[in-house]
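Some notes on the structure that comes next.
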Amino acid sequence: GNSVTQMEGPVTLSEEAFLTINCTYTATGYPSLFWYVQYPGEGLQLLLKATKADDKGSNKGFEATYRKETTSFHLEKGSVQVSDSAVYFCAHSRGGAQKLVFGQGTRLTINP
Amino acid sequence: DVKVTQSSRYLVKRTGEKVFLECVQDMDHENMFWYRQDPGLGLRLIYFSYDVKMKEKGDIPEGYSVSREKKERFSLILESASTNQTSMYLCASSLRRLGGSYEQYFGPGTRLTVT
């Protein structure tokens, strides 16, 4: 069935560290892939997306590449800031339907 | 910018009460969604609507119903609130796309506590 598996949190890093949050998916066909971010007390915001294999989504210094051969969409940032502290959700589109499948979320805390 | 608003940020209700959560979007999106968010479980879809008066059950519809009388408004109803419905409720909307999904835009959430 359709599912998304994310790296378990919480993840704690120091400012300027390199970040990777792993995400793998199980889906039929060629889903679109998304990373959403939820800052404290807020709803989810789209961070980046990729719609086909080998596409790279990027925004605010974050990047993720659609890897069809490994069914992965890992989120990376070269140098994190305290303001990146949030919960990050990986998601994929659910086949021909209008819905998304979300991972369980990864809480990231960046210490100064 | 797309804006999705929810009627309350925090709500406290008693067991057995009927609860209404309202969601409004201002971008003429066809699709609207209700999710609940619980620690360690991510987002789980409760109900989905793809047009006025049209609805589809999500993964966890038990104990909930929905209403969509106007395109911009999607209501979630807890017919008889129970303590296991204490959660964060998130509303989202998106354009309708044949054969796939557009990104969803989320409201700020309503944290519901049932005592």
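Residue numbers begin at 1 in each chain, while the letters A, B, ... track the order of the sequences.
Of the two parts of Arg44(B), neither the backbone nor the side chain holds a non-hydrogen atom closer than 4.5 Å to a non-hydrogen atom of chain A. In this structure, no portion of Asp38(B) lies under 4.5 Å from any heavy atom of chain A. Heavy atoms of Phe48(B) lying under 4.5 Å from chain A belong exclusively to its side chain. Heavy-atom distances place no part of Tyr30(A) under 4.5 Å from chain B, backbone and side chain included. Leu45(B) touches chain A through its side chain: at least one heavy atom from C-beta onward sits under 4.5 Å away, while N, CA, C and O do not. The contact between Gln38(A) and chain B is made entirely by side chain atoms (from C-beta outward), counting heavy-atom distances below 4.5 Å.
When the side chains of ILVMFWY residues are joined at heavy-atom separations under 4.5 Å, either directly or via intervening members, Leu41(B) and Ile21(A) end up in two distinct hydrophobic clusters. Taking hydrophobic clusters as Ile, Leu, Val, Met, Phe, Trp and Tyr residues chained together by side-chain heavy-atom distances below 4.5 Å, Tyr39(A) shares a cluster with Leu108(A). With hydrophobic clusters built from ILVMFWY side chains whose heavy atoms lie under 4.5 angstrom apart, Val24(B) does not share a cluster with Phe74(B). Hydrophobic clustering (ILVMFWY, side-chain heavy atoms < 4.5 Å, transitive): Phe20(B) and Val12(B) are in distinct clusters. Hydrophobic clustering keeps Tyr64(B) apart from Met88(B) (ILVMFWY residues linked when any side-chain heavy atoms are closer than 4.5 Å, directly or through intermediates).
Of residues 61-87 of chain A, not one residue has a non-hydrogen atom less than 4.5 Å from any non-hydrogen atom of chain B.
Phe89(A) places a side-chain heavy atom less than 4.5 Å from the side chain of Gln37(B). For the pair Phe34(A) and Gln104(B), the minimum side-chain heavy-atom distance is 4.5 Å or more.
A distance of 9.5 Å separates CG in Leu43(B) from CG in Leu100(A), rounded to the nearest 0.5 Å. The line from CD of Glu103(B) to CG of Leu47(A) is 12.0 Å long, rounded to the nearest 0.5 Å. A distance of 7.0 Å separates CG of Leu46(A) from OH of Tyr105(B), quoted to the nearest 0.5 Å. Of the inter-residue distances, the one linking Tyr35(B) atom OH with Phe102(A) atom CZ reads 4.5 Å to the nearest 0.5 angstrom.
Counting heavy-atom neighbours within 6.0 Å of Glu16(A) CD, excluding the residue itself, gives a total of 12 or less.
Your options are Lys49(A), Gln6(A), Arg107(A), Gln45(A), and the one with the most heavy-atom pairs under 4.5 Å with chain B is Lys49(A).
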